[in-house]
Structures are given as C-alpha cells and as structure tokens.
Trainee: 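Once you've had a glance at the structure underneath, I'll fire off some questions.
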Amino acid sequence: MTWRWSNFMNPRKFFEGLAREKIEKLAAELQIKDPLIIYKPNPKFGDLVWDTQKLKQDIPSENIEKLNDENIRFQKAGKFVNIVFNPEKYSRMVLDFINSGEFKKVEGGPKYLIEHTSANPTGPLHIGRARNSIIGDTVARILRRLGNNVRVEYYMNDIGTQVEALLIGMEIFPDLPYTEAYRRVYENIEQYKARIEEYMLRAETGDREFLKATRSKLEKLLEDVLKDLYSIGIKFDGFVWESDFILNGDVKMVLDKLEPYLKDENGAKYIEYNNDKIYLKRSNGTSLYFTRDIAYHIYKSKNFDVPVDVLGEDHKLHFQNLAYVLKLLGIENIKVIFYSYVITKEGKMSTRRGNVIYLRDLLEESVRMAEDEVKKRHPDLDEESIKSLATKIGYSAIRYNIIRYSPEKPITFTWEDALNFEGESAPFIMYSYARSNSILNKTESLHRGDNKFVEREVELIKKMGEYTEILEEAGRSYRPDKLARFSYELASIFNQFYRDCPVLKDPENRDRRLEIVKAFNLILKDAMDTLGLEITEKL
RNA sequence: GGGCCCGUGGCCUAGCCUGGAUAAGGCACUGGCCUUCUAAGCCAGUAAUCCCGGGUUCAAAUCCCGGCGGGCCCGCCA
C-alpha cells in the first residue's frame, strides 16, 4: 500500500511548481548550492516568498526581473523575493477547479480503523467523553473525504470490575436508575468484592451463558449512550466486545506469543519495562484489560493499514506500555490521538462534586437557546420549522465548539463559551452558507463570467484554493480543529465579500460573482459535511 | 520522586513540528453601519514582558537546557 497524502493536485500547487521551476533554474545559473527556502508568507507580501537571507551572495535585481512572465511576478524586497500569482489567471483556475467538481476528486488510500468513545455504559455521556466521540468522528469524516477506506469501531467492555459492579448494582437495586445503582456498588466496592470477583471469574473463564446475559443487558444501556451520539451525527460501523478475545482464544495466543518475555510472580505474569511491571495475567489465572487490549490491537493491525485510537490523556501510560508490548510482537502501525480533559471552573468533573455536565443536557440547552433566536428572527415561522432549525443550529454549535480546539488543549467548560452563537461558531458558518444560498436561489442559471477579478474577490478565491490542502493537513496530523478554523475564516472572508461586492444587482459583474458565490457554496458545504455540521439552506 | 501535556492582550484560541518581514482571530469593552442579494453580519478603536532565566543562530513565540505555575498518569483497575 502506497501512502499518498497529496491526493489533490490543485491550482496553488500548480503555480507553486511554476515558480519553483524558475527559481531552481536561476539558482543553477548563479551556481547557488544552498537549499532554496520558499514558503508562504503573510499574504500581504505575496503568494510565496523566496527567502534569500541565508545565501552568501546577493541576487541581482536584473536576474529577478527576468523571471517575470504572464503567470507569475517576482519582486525583490531586500533579502526576500516576493512571488505573486497573476490574480486573473490564478483566480480563474481556482474557480474552474471548484465549480467543475474537480476539488472533490480523490484517490483511494490506506484502510483506516478508528476506535473512539468506547465508554462503559454506566450512564449518559458527559462532555469530556463527548470530546472523544466528536474528535474521533470528525477525524473519520476527514479521512473518508480524503478517499481512504475508514471503519469506525466502539470497543465494548463487557468484562472487568466496572462492568460487574454495574450488573450487580442493577440486581441489588432494581428500582434505582442504573447509573445510581452502579454508583452505590462502585463506591462501596469493598463490600461487594466477593461477588464482583465471582462474576469476573465467570466472565474471564469464558462462561458463554454468563457473557451472553451480560451482553444483552449492556446492549440496552449502550443504546442510551448511542442515542445522544446519533443525534449529533455520530455513528459506528461496528461494536467489538472485549470478551470475544477470550472466547476466540486470542488472549491465550497473546500470552503464548509473549511467553519468552514473561516473568513470574506468585503465578502472575508480567513484562518488565522502564523499571516497571506490565501485568498480563493475575495469579488466579485470569487475564487483564491490558492483555485483552493487546489482542484487540493485534486484530486491528492485521486487518487495517492504519489503526487509530482516540484516547484521553489519562491513557498515555497505558498506550505507551501497549505500544511497547506490541512492538515485541512486531506491530508498529498503531496511531493514537490524545485529547485533554474538559474541566469546569470547579476543576475535574465528578459526580460527587456535582459538576458533571452531560452531553444531552448541553444539547438540550443549546437547542433551547437556538429556538429563542430563531423565533426572534422569524416570528411567522411554524412551530415545526422552528424546532427543526433550532435543533440543527443547537447541535452544530456544540460540535463546533468542541472540535475547534486542538485536541491536546485542555478545555475549561463554560456555558457562555459553549453556547456562543457569534464569531467563531457554527451558526456564523451556517449563516454565511445560507447567505450564499439565498443569492444562488434567486438565479436560474450560471454563466461563465469574465476574469476581471477585484481584490476582494481574489482574496476569497485564494482562501477557497487552500481548501484541499487544509483537508490533507487536518488528516495527516489528525487535527480536525484545523478544518474547523479554516471553515470559519473562509466564512468570515465571504461576509466581507458579501458587503463589498453586490452580485445580483450589478449586471457588469454578476456572472463572474455568481461563479464565486457558487464556488464558495460548494466548498463550505463540503467542509461543513466533513465537520459534521448541519446544512441549513436558510437561517 | 519519575514520565507526558499545557502556559500567547481582561478571558479563550491559532501560530511552534518545518526558526525569518509590523505576533493572527474570537469573546468582552468603546464608537459607527440595516429604503440596496439574510445585521447570528460588517467597519473602526482600546488592549500582549508570547510564564521566567540562560543557550544556539545574522535571526527565537517557534529549537536546546534549567526553573516556575496548572493538568494527567505511575494498580495482579478499566
């Protein structure tokens, strides 16, 4: 499998290629041996800059001037050579690239497996967990958009202390909500130790009847978690049950394969690493979560080119150990995205402190706020339309406000920020989209316009021209926030264009500007789909 | 004690990987813009010792070392 990150040839890369060719030729003529430093500067200087500060020799102005042609202008500015693409030619190429649909073309890439969320269903998701889901889902969408084959899995814990405590809780307190029943057992774990151990032993020795019963109970609870995720557009391609790796013998296989590295301690088995002990087997013969996770990752590695885990920062050590043991088995293709916690002003969310914020509550509040706004703006709208619009806005706002931060950045949750509908937010982006839509809806057909692009138009077009590269970068680095930010910036530039450049009321410029609005509409919709934001034709 | 992450205007964030021209946005605040394609918008303004100290370099928010502050982890739990 070949790795291709540059799926897209695009106009910007094409022009950059032209510029580089010229500079390389000049460098050869002048016998410059040092590497050529060419990068994207602050846009006010140009589209590219050739930075000659490191060169010992000065490049004479005459040589620079000779580089100019109808496509690209080179201009010496001290130790920099500013490079400007011909705005008419470049803009035209970008517009055609987008409006022809070319920008959507991708080539097939490697097979990805994204595992995300994988929470024990001991209660509804809180926003910290939701961050995992939203990051995982958005990364999956980006990778798919780039043409890769992507499968998304939820790893379902049906073995272990927490799960047994949950089951026992529901048995002992059948009348309590299951979250509360679980908490009563888990918080008094000493009291129920014997029973938990008995259940764990049955599960880990592969008691099929027991496991079957466990699963059917957990499946019902899982639905409660998934309901919230489905509502914001997050779906899974499959659910992997932890106990399967015991039933199918993989856990035993892992222990056999690792035998040469295992050390014994009263019957328990461990691997030494960094002066630490990684346990794989208890003295009572049962396996540990770690061991089952190794089995899961062997399955991932065998069936996919690039398995990706989405994990909270609290799992860093676990993953480091996992990577070490997998390496012993010759497995090195596992990638991981770590994200930091969502905390509140009172610190870490905890049930005891009573500062847990559940995703569903946040969504509900967000929709309620959106509803107020919609009613204000469209007093004549019927109840059903209001509800539908408010739901899209409310849900998108939450997704956006979680995805816009880079994953490793800790988020301090405030209702004010989470429910911000202005500035860098989903409603802002949706609003710009709706504006472009309303222009397009008032026209019957699009005609090819002239190439007399004005500055404001060129600025917008250049931003659109960056889209495919932003997608690649977001996918390559697992940074969905880069796409989120780009979408906002693009929408923001469109709003400036909207103010300065009348489209329908200006017959001189109408055709050309309609092309621009159409291109913007296509790009932004594509970006919103990829981010999992709802599309609203009107707002 | 050890390991990892974060530290950028009053608040939040981008830029750091791959060092380069006056550090870029949002929120908040102040003032302005709806008889013209949607004002969830736009324009202007106030506001930053880029945590501190060294080092490397012609050049450091960015790289290296040492601190400080905050977070996470260090279980025969998951």
Side-chain angles (χ1 to χ4, degrees), chain A residues 37 39 41-42 44-45 49 51 53-54 77-80 82 118-120 157 159-163 165 189 200 242 265-270 274-290 292-293 312-321 338-341 343 347-348 370 373-374 376-378 393 397 401 404-412 414 416-417 420-432 434-443 477 481-482 485 488-489 491-492 494-496 498-506 510 513-514 517 538-539:
Chain A
I37 302 170
Y39 54 84
N42 185 323
K44 72 188 166 197
F45 295 118
V49 61
D51 185 343
Q53 290 183 101
K54 253 186 176 157
K79 285 286 215 173
F80 298 98
N82 292 325
S118 302
N120 282 344
N157 229 238
I159 290 187
T161 322
Q162 272 190 42
V163 171
I189 204 145
M200 265 167 62
E242 193 178 357
E265 183 182 292
N266 306 323
K269 304 285 184 188
Y270 66 90
N274 276 350
N275 294 324
D276 225 347
K277 295 171 180 172
I278 308 172
Y279 285 91
L280 287 114
K281 199 174 179 180
R282 298 190 181 91
S283 3
N284 69 6
T286 58
S287 66
L288 285 105
Y289 169 80
F290 185 87
R292 275 125 38 199
D293 211 20
E313 59 178 341
D314 54 333
H315 281 64
K316 278 188 176 177
L317 185 65
H318 170 78
F319 185 83
Q320 200 189 333
N321 290 341
F338 287 114
Y339 65 93
S340 292
Y341 278 24
I343 59 171
K348 196 177 167 179
E373 289 295 316
V374 172
K376 236 187 278 170
R377 284 156 219 271
H378 308 284
I393 295 165
N401 277 332
R404 73 190 179 101
Y405 299 100
S406 82
E408 80 241 21
K409 203 92 172 180
I411 299 179
T412 304
T414 64
E416 195 193 345
D417 289 342
N420 172 36
F421 288 0
E422 282 165 14
E424 192 182 350
S425 68
F428 179 100
I429 296 169
M430 297 164 84
Y431 182 72
S432 304
R435 272 179 152 182
S436 71
N437 226 42
S438 108
I439 293 175
L440 295 173
N441 283 340
K442 293 188 171 82
T443 70
S477 57
D481 57 297
K482 285 180 186 280
R485 174 165 285 263
Y488 163 72
E489 287 170 354
S492 176
F494 177 78
N495 283 334
Q496 294 161 35
Y498 185 90
R499 177 203 61 217
D500 291 340
C501 303
V503 180
L504 302 174
K505 316 227 151 180
D506 187 344
R510 178 186 162 112
R513 286 182 179 164
L514 273 173
V517 175
K538 289 182 184 173
L539 201 60

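Just so we're on the same page: letters track the sequence lines, and every chain starts at 1. Keep in mind that the numbers below use all heavy atoms, side chains included, and drop hydrogens, waters and symmetry copies.
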Trainee: Measuring only the C1' atom in each nucleotide, how far is B/G20 from B/A78? A whole number of Å is fine.
Mentor: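 48 Å, rounded to whole Å.
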
Trainee: Using purine N1 to pyrimidine N3 plus N6-O4 or O6-N4 for Watson-Crick, or N1-O2 and O6-N3 for G-U wobble, each under 3.5 Å, what pairs with B/A21?
Mentor: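 Pairing partner: none.
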
Trainee: Select base, sugar-phosphate, or nothing to describe what A/D293 touches, counting heavy atoms under 4.0 Å on all strands.
Mentor: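 Result for A/D293 = nothing.
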
Trainee: Determine the Euclidean distance between corresponding C1' atoms of B/G10 and B/U57; express it in Å to zero decimal places.
Mentor: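 These two C1' atoms come out 36 Å apart once rounded.
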
Trainee: Using heavy atoms to find the nearest nucleotide of RNA chain B for A/M200 and A/K442 separately, return the residue whose nucleotide is more 5′.
Mentor: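 Here A/K442 is the residue nearer the 5' end.
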
Trainee: Using a 4.0 Å heavy-atom cut-off across all strands, classify A/D481 as base, sugar-phosphate, or nothing.
Mentor: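 No contact.
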
Trainee: Pick the P atom in B/G26 and in B/A44, then give their distance to the nearest Å.
Mentor: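 Nearest-Å result for B/G26 against B/A44 at atom P: 11 Å.
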
Trainee: Can you tell me, in whole Å, how much space there is between the P of B/U13 and that of B/G9?
Mentor: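 Nearest-Å result for B/U13 against B/G9 at atom P: 10 Å.
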
Trainee: Once you apply a heavy-atom cut-off of 4.0 Å, does A/K277 come out as touching a base, just sugar-phosphate, or nothing?
Mentor: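 Result for A/K277 = nothing.
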
Trainee: How far does the C1' atom of B/C64 sit from the matching atom of B/C27, given to the nearest Å?
Mentor: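 Roughly 36 Å separates the two C1' atoms.
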
Trainee: Which nucleotide of RNA chain B is the first, and which the last, in the 5' to 3' direction, to come under 4.0 Å of a heavy atom belonging to chain A?
Mentor: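 Here the contact window of chain A covers B/C4 to B/A78.
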
Trainee: Using a 4.0 Å heavy-atom cut-off across all strands, classify A/S438 as base, sugar-phosphate, or nothing.
Mentor: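 Base contact.
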
Trainee: Base, sugar-phosphate, or nothing for A/K538, non-hydrogen atoms under 4.0 angstrom?
Mentor: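 Result for A/K538 = base.
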
Trainee: Check every strand shown and say whether A/S406 touches a base, only sugar-phosphate, or nothing at a heavy-atom separation below 4.0 Å.
Mentor: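 Sugar-phosphate contact only.
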
Trainee: Across the strands shown, which category fits A/L280 at heavy-atom distances under 4.0 angstrom: base, sugar-phosphate, nothing?
Mentor: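 Contact class for A/L280: none.
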
Trainee: Considering heavy-atom distances to RNA chain B, does A/E422 or A/I411 have its closest nucleotide positioned more toward the 5' end?
Mentor: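 It is A/I411, whose closest nucleotide lies nearer the 5' terminus.
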
Trainee: Between B/U22 and B/A14, how far is it from one P atom to the other, in whole Å?
Mentor: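 Approximately 24 Å lies between the P atom of B/U22 and that of B/A14.
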
Trainee: Using ring-ring contact (aromatic ring centres under 6.0 Å, His included) as the criterion, list what pairs up with A/Y405, not counting sequence neighbours.
Mentor: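 Result, ring-ring contact (aromatic ring centres under 6.0 Å, His included) vs A/Y405: none returned.
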
Trainee: Across all strands, who's sitting opposite B/C72 as a Watson-Crick or G-U wobble pair, both distances under 3.5 Å?
Mentor: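 Partner of B/C72: B/G3.
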
Trainee: Select base, sugar-phosphate, or nothing to describe what A/K482 touches, counting heavy atoms under 4.0 Å on all strands.
Mentor: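 The answer is sugar-phosphate, as A/K482 gets under 4.0 Å only of primed atoms, P, OP1 or OP2.
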
Trainee: Could I get the full list of ring-ring contact (aromatic ring centres under 6.0 Å, His included) partners for A/Y341, not counting sequence neighbours?
Mentor: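 For A/Y341, no residue satisfies ring-ring contact (aromatic ring centres under 6.0 Å, His included) once neighbours in sequence are set aside.
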
Trainee: Is a side-chain donor-acceptor pair under 3.5 Å present for A/D417 with A/T414?
Mentor: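 Distance-only check passes for A/T414 and A/D417.
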
Trainee: Checking all strands, does A/R377 fall into the base, sugar-phosphate, or nothing category for heavy-atom contacts under 4.0 angstrom?
Mentor: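 It contacts base atoms.
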
Trainee: Provide the Watson-Crick or G-U wobble partner of B/G31, both distances under 3.5 Å; none if there is no partner.
Mentor: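 B/G31 is paired, partner B/C43.
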
Trainee: A/K316 vs A/F338, test: side chain to side chain contact (heavy atoms under 4.5 Å, CB included). Steps then yes/no.
Mentor: CA-CA 8 Å; A/K316 278 188 176 177; A/F338 287 114; 3.6 Å; yes

Trainee: So what does A/D417 touch, heavy atoms closer than 4.0 Å: a base, only the sugar-phosphate, or nothing?
Mentor: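 Answer is nothing: A/D417 stays at 4.0 Å or more from every strand.
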
Trainee: Can you tell me the base-pairing partner of B/A59? Count Watson-Crick or G-U wobble geometry only, both distances below 3.5 Å, and say none if there is no partner.
Mentor: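 Matched B/A59 with nothing under the 3.5 Å cut-off.
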
Trainee: Roughly how far apart, to the nearest Å, are B/A21 and B/U36 at atom C1'?
Mentor: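 So the two C1' atoms sit 41 Å from each other.
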
Trainee: Have a look at A/R292 and say if it touches a base, only the backbone sugar-phosphate, or nothing, with a 4.0 Å heavy-atom cut-off.
Mentor: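 Since only primed, P, OP1 and OP2 atoms lie under 4.0 Å of A/R292, the category is sugar-phosphate.
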
Trainee: Considering every strand and a 4.0 Å limit on heavy-atom distances, what is the contact class for A/Y498: base, sugar-phosphate, or nothing?
Mentor: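 A/Y498: base contact, heavy atoms under 4.0 Å.
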
Trainee: Taking atom NZ of A/K538 as the centre, does the number of heavy atoms from other residues, nucleotides or ligands within less than 6.0 Å exceed 12?
Mentor: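 12 or below, so no.
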
Trainee: With sequence neighbours excluded, tell me which residues meet ring-ring contact (aromatic ring centres under 6.0 Å, His included) with A/Y270.
Mentor: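 Applying ring-ring contact (aromatic ring centres under 6.0 Å, His included) to A/Y270 gives A/Y279.
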
Trainee: Considering only the C1' atoms, how many Å lie between B/U8 and B/G25, rounded to the nearest integer?
Mentor: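 After rounding to an integer number of Å, I get 13 Å for this pair.
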
Trainee: Begin from the C-alpha positions of A/R510 and A/T443 and carry the test side chain to side chain contact (heavy atoms under 4.5 Å, CB included) through to its verdict.
Mentor: CA-CA 10 Å; A/R510 178 186 162 112; A/T443 70; 3.7 Å; yes

Trainee: Indicate syn or anti for B/C58, taking the glycosidic torsion and treating anything within 90° of 0 as syn.
Mentor: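 Here the answer is anti: the torsion falls beyond 90° from 0.
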
Trainee: Mind checking what makes ring-ring contact (aromatic ring centres under 6.0 Å, His included) contact with A/H318, not counting sequence neighbours?
Mentor: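 Only A/Y289, A/F290 meet the ring-ring contact (aromatic ring centres under 6.0 Å, His included) criterion with A/H318.
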
Trainee: Sorted by first residue and then second, give each salt bridge (charged side-chain N to carboxylate O under 4.0 Å, His left out) pair with at least one member in residues 421-431 of chain A; sequence neighbours left out.
Mentor: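 Output for this query lists A/R404-A/E424, A/E424-A/R485.
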
Trainee: Quick one: label A/E489 by what it contacts on the DNA or RNA (base, sugar-phosphate, nothing), any heavy atom closer than 4.0 Å.
Mentor: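 If one applies the 4.0 Å heavy-atom cut-off, A/E489 turns out to touch nothing in the nucleic acid.
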
Trainee: Please work out if A/P502 contacts a base, only the sugar-phosphate, or nothing of the nucleic acid, heavy-atom cut-off 4.0 Å.
Mentor: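 A/P502: base contact, heavy atoms under 4.0 Å.
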
